[in-house]
Amino acid sequence: MHWAVRMGVGGVGLLICFLSFRLIIIPGDATRLLPKYLSFSSANSTFRIAVFADLHYGENAWTDWGPLHDENSDRVISSVLNMENPDFVVYLGDVITANNLAMPNASNYWEMAISPTRNKNIPWASLFGNHDDMAFEWPEEWFGSLGVPSIQCSSSQSATGCEQESDCYFQGTTRAELIEMDMQHNLSHSSYGPKSLWPSVSNYVLEINSYMHPELPAAFLYFLDSGGGSYPEVISATQARWFQQTSAQRNPGARIPEIVFWHIPSQAYGKIAPSPGSPIKQPCVGSINLEAVAPQEAEYGIMDILTNRTSVKAVIVGHNHGLDWCCPYKSLWLCFARHTGYGGYGSWPRGARILELVEEPFAVNSWIRMEDGTTHKFS
């Protein structure tokens, strides 16, 4: 099957033109301007985005199956990139399973996750999920008769174990350290975001400019940190106000379409979700509905702000590995991506949500590209 859908609610379509990307620099932001813009090659072209969700690199790295899962995830990413040839990639959180990683290893596994995209010279943007800086969870079996296994704590040490006891500790790599490492790559459009939003990191906006009028924005992409790991699973009131103020400043009158990405679904997803295990029926679309929504712990105003802003067309999330549906909610669409990585729970086939954005007229089509090469499409 092949899934392509033009998303519209109450006459307001998800009609978006993704033309030329530019990173917005917020005062006090720990980011840098990118060396060049991304743009459509012509006014009639499309711009394709692959969304990789819940990769979970580094899970159970001390076992035989952990590294095998990472190899399988490499295969899924490379397969999707080869088949779809996207212009841009979004890493939608839970890139790594930090609760299984020694601190010096976390950045190595993050690099492993972005390597297939970087090697194909495809630009990307990242945000955080609940596992990316989660505290290390000591496996109970390590304290049994077999003891703690030999663990390679960094690439400079031998595969037989740590050279010094002080090299082996499990404090985790912080969100700030991970995003700063990601941002060092020229192809990365990721950003730390305003320091005033701490402890959340990866709150930023990308401005997408028109091919015909490169000096004018045609759409905005917002990335928000939905928490988890080192702090509660929420989008704070401070983040909500930041979005409200920034969107009003960048897009006065809400004339230009906006799409929002974060990792953990808001509680609004649970209000519109199809009954777990039931068929996905119109007006929702999708191919997998095999679990209940696992939402954020609370809401502090972000959904009210989004639904009262007519320019916001969709929210894209991950977190639930057994869901890939999209459903209308008031004036916008709430969508899940698709579990991409072999790490994490669930044995459902892996894939990635694809967004194909048409410049003229403004439109976006979406489908799921599966690891076996098939696509899921619904009319």
Side-chain angles (χ1 to χ4, degrees), residues 52-74 91-115 126-182 190 192 198-202 225-234 262-264 294 296-297 318-321 339-346:
F52 296 142
D54 297 280
L55 292 166
H56 288 281
Y57 274 84
E59 189 161 291
N60 283 45
W62 54 86
T63 66
D64 292 333
W65 63 264
L68 180 60
H69 277 4
D70 292 341
E71 292 177 12
N72 289 336
S73 298
D74 285 343
Y91 286 93
L92 199 61
D94 281 5
V95 177
I96 59 176
T97 302
N99 43 305
N100 281 173
L101 295 176
M103 191 184 79
N105 276 345
S107 59
N108 294 342
Y109 281 101
W110 191 281
E111 289 284 348
M112 187 184 300
I114 64 177
S115 287
S126 304
L127 57 79
F128 288 113
N130 53 300
H131 281 277
D132 291 310
D133 73 343
M134 185 176 286
F136 184 77
E137 298 175 355
W138 290 88
E140 185 177 345
E141 61 268 23
W142 284 16
F143 298 92
S145 58
L146 296 179
V148 177
S150 296
I151 299 173
Q152 183 177 354
C153 291
S154 72
S155 58
S156 64
Q157 293 157 346
S158 69
T160 59
C162 301
E163 293 182 352
Q164 298 180 9
E165 183 179 355
S166 60
D167 293 327
C168 287
Y169 55 104
F170 303 91
Q171 297 179 359
T173 306
T174 67
R175 276 168 154 78
E177 291 168 330
L178 287 170
I179 201 70
E180 287 168 2
M181 178 274 298
D182 187 305
S190 304
Y192 188 106
W198 186 88
S200 67
V201 176
S202 71
D225 187 343
S226 55
S230 60
Y231 70 99
E233 297 180 352
V234 297
W262 66 65
H263 181 73
I264 304 174
Q296 298 170 32
E297 297 172 20
H319 192 58
N320 275 97
H321 299 181
H339 185 197
T340 306
Y342 267 75
Y345 71 91

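Positions are given from 1, in the same order as the sequence printed here. Only this structure's heavy atoms are used, side chains among them; waters, hydrogens and symmetry mates stay out.
Side-chain atoms of Ser226 and His263 include no donor-acceptor pair closer than 3.5 Å. No donor-acceptor contact under 3.5 angstrom links the side chains of Asp94 and His319, judged on distance only. A side-chain donor-acceptor contact under 3.5 Å links Tyr231 and Asp225. A side-chain N or O of Asp74 and one of Tyr57 form a donor-acceptor pair less than 3.5 Å apart.
Across Ser73 and Gly343, no two heavy atoms sit closer than the pair OG-N, 4.1 Å. Listed here is the closest heavy atom pair of Ser202 and Ser126: CB-O, 4.1 Å. Minimum interatomic distance between Ala176 and Val201 (heavy atoms only, all atoms of both residues): N-CG2, 4.3 Å. The two residues Ile114 and Asp182 come nearest to each other via the heavy atoms CG2-OD2, 4.4 Å. Between Gly229 and Asp133, the shortest heavy-atom distance links the atoms CA-OD1, 3.6 Å. Nearest heavy-atom pair across Glu111 and Met181 is OE2-SD, 2.9 Å.
For the pair His339 (side chain) and Gly341 (backbone), a donor-acceptor distance under 3.5 Å is present. A distance-only check finds a donor-acceptor pair linking the side chain of Tyr91 to the backbone of Ala113 [under 3.5 Å]. With hydrogens and angles ignored, the 3.5 Å screen pairs a side-chain donor or acceptor of His321 with a backbone N or O of Tyr345. Of the possible polar contacts, none joining the Asn99 side chain to the Met134 backbone as a donor-acceptor pair under 3.5 Å is found. With hydrogens and angles ignored, the 3.5 Å screen pairs a side-chain donor or acceptor of Thr340 with a backbone N or O of Ala53. Looking at Glu233, its side chain never comes within 3.5 Å of a backbone N or O of Glu297 through a donor-acceptor pair. With hydrogens and angles disregarded, a donor-acceptor distance shorter than 3.5 Å links the side chain of Arg175 to the backbone of Gly227. Side chain of Glu59 to backbone of Gly344: a donor-acceptor contact under 3.5 angstrom is found.
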Given side-chain contact (heavy atoms from CB on, under 4.5 Å), test Tyr342 with Leu68 step by step and report yes or no.
CA-CA 9 Å; Tyr342 267 75; Leu68 180 60; over 6 Å; no
Given side-chain contact (heavy atoms from CB on, under 4.5 Å), test Trp62 with Asn60 step by step and report yes or no.
CA-CA 5 Å; Trp62 54 86; Asn60 283 45; 4.2 Å; yes
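By the 4.5 Å heavy-atom criterion applied to side chains, Leu55 and Ile96 are not counted as neighbours. Residues Thr173 and Trp110 are not in side-chain contact: their nearest non-hydrogen atoms beyond the backbone lie 4.5 Å or more apart. Residues Tyr109 and Asp70 meet the side-chain proximity criterion, which asks for heavy atoms closer than 4.5 Å.
Relative ring orientation between Trp142 and Phe136 is described as tilted, the plane-to-plane angle lying within the 30° to 60° band.
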